[in-house]
Amino acid sequence: MSPQAKPASQNIKPEFIPQLMAEMEKRFGPGPNPRCFRAPGRVDWLGSHTDYNQGLILASTVDREIVAAARLRTDRSLNFYSLNLEQEVRTSLDQNAPNPAHGFANYPKGVIFEMLQAGIQIPGIDMVFHGNIPIGANLSSSAAIEASTIEAVLGLLDLPMTHWERAFICWRAENRFVGMPCGILDQFTIINCKKNCVLFLDCDHLASELIPFKFDEYYLLVIDSGVGRQLVKSEYKRRVQECRAAFDAIRKAGYPISSLSAIEPPQLKEMEPNLEPLLFKRVRHIVTENQRVSAARKVVSQKNFSQLGKLFEQGYQSSSKDYQNSCPELDILHDLLANAPGVLGTRIAGAGWGGCLVSIVKKVDWKEIEAKVKKTYTQKTQRQLRFFPLQTGDAPGEII
Ligand code: GLA
């Protein structure tokens with residue numbers, strides 16, 4: 001393995017913290033010294049769109065993060081600033097609805113309103129965010145903002161809360177406040193997973209396991225296709241509805257399932273006549289994806305990463321053909337990566353419909369992979385690629 005093959009940690013440098021503090025003072029005036037909190041992004045290893053079908057997922061944190069400087073106020077003001085976006089939002093506890101003009105600030109605001117709903121008294125807050133999770137790269141910068149916010153509020157108020165409740169408050173912020181009907185994958189992973197672990201979660205029983213592992217000579221490489229994710233919100237909602245329609249049709253046909261994930265693979269064939277072909281494809285993806293997650297749980301414990309690569313590949317095919325959350329550019333990129341050195345397997349990261357792919361890579365510097373695929377991809381699509389080699393990241397917490 002070349003010396004650079006295993007990527008160095010991408011955590012935000014501690015020298016950056018005084019800058020966040022200074023920005024806080026500059027924007028929101030003098031006050032008590034802020035404290036700093038952090039939360040990582042996440043990458044899903046397998047389990048595409050299974051979470052809102054009460055299915056199985058495998059995911060980990062990544063070594064890219066959001067850092068938030070925060071201090072309490074007593075005047076009901078909610079002041080947020082993003083250094084990355086250079087966007088300042090001043091609002092208050094009395095404005096309890098999302099505002100499209102508030103952009104990123106709807107995430108911390110949503111968390112604060114869900115905490116109020118849960119009975120927590122918050123007198124007001126100033127927060128300055130900075131992050132190195134690439135936006136739109138399916139690494140869940142939004143859930144990391146949510147998680148850093150809940151860490152900050154609980155830390156400043158010196159309140160305890162279970163990790164489950166933290167995850168559910170953040171999930172409700174995204175669903176009820178921001179209005180994205182996502183599953184629990186992003187928030188649960190960021191809040192419950194730990195460095196050098198991968199999280200297995202059964203979204204039906206919420207039974208989870210942290211599987212310890214070390215990549216050694218392997219790593220995950222996320223590759224941004226350069227295709228924006230404009231379709232995500234509408235297509236995501238449509239898939240949620242299609243899954244619901246398939247569930248209703250199967251129940252109506254006399255199968256008393258509690259979710260699509262309760263379907264046993266051998267039942268699939270006999271259920272087929274009860275479903276429109278499109279809905280059948282959606283169901284087949286969910287059922288087979290759950291099987292792949294179960295298999296991946298075992299192979300990760302055995303550190304059998306080449307087998308994991310094969311499961312990534314099968315997952316990709318199922319996403320692309322049955323769930324149809326790929327796009328022409330992702331398909332081109334996937335095929336190029338299949339012939340790149342060291343790539344053991346590639347699948348769609350996060351929701352899909354543009355955004356990123358994630359590959360499991362062995363012993364090869366990501367620059368060699370870039371050299372192999374970049375030129376042809378840009379010739380074929382007129383788009384630029386971005387590469388993010390990843391390790392797992394630290395759990396959320398205060399930076400002391
Ligand atoms: C997005 C959502 C998650 C999950 C994935 C697809 O990341 O936020 O809840 O549904 O898509 O697996």
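What you see is a predicted model; the values in this text were computed from it and never measured. Note that ligands are numbered from 1 as they come in the structure, with each ligand's atoms numbered from 1 the same way.
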> Is a salt bridge present between R166 and E151, judged by a nitrogen-to-oxygen distance below 4.0 Å?
Replying inline: yes
> According to the side-chain hydrogen bond (donor to acceptor under 3.5 Å, both in side chains) rule, which pairs have a member within residues 334-348, sequence neighbours left out?
Replying inline: D44-R347, E313-H334, T346-S359
>> Strictly under 4.0 angstrom, heavy-atom based: which residues surround ligand 1?
In response: R42, G47, S48, H49, D51, Y52, C182, G183, L185, D186, Y236, G350, A351
> If we only count heavy atoms from C-beta on, is the D126 to P34 side-chain gap below 4.5 Å?
Replying inline: no
> Is the shortest side-chain N to carboxylate O distance from R73 to D75 below 4.0 Å?
Replying inline: yes
> Do the charged groups of K372 and E368 touch, with an N to O distance under 4.0 Å?
Replying inline: no
> Would you call K367 and E370 a salt bridge, using N to O less than 4.0 angstrom?
Replying inline: no
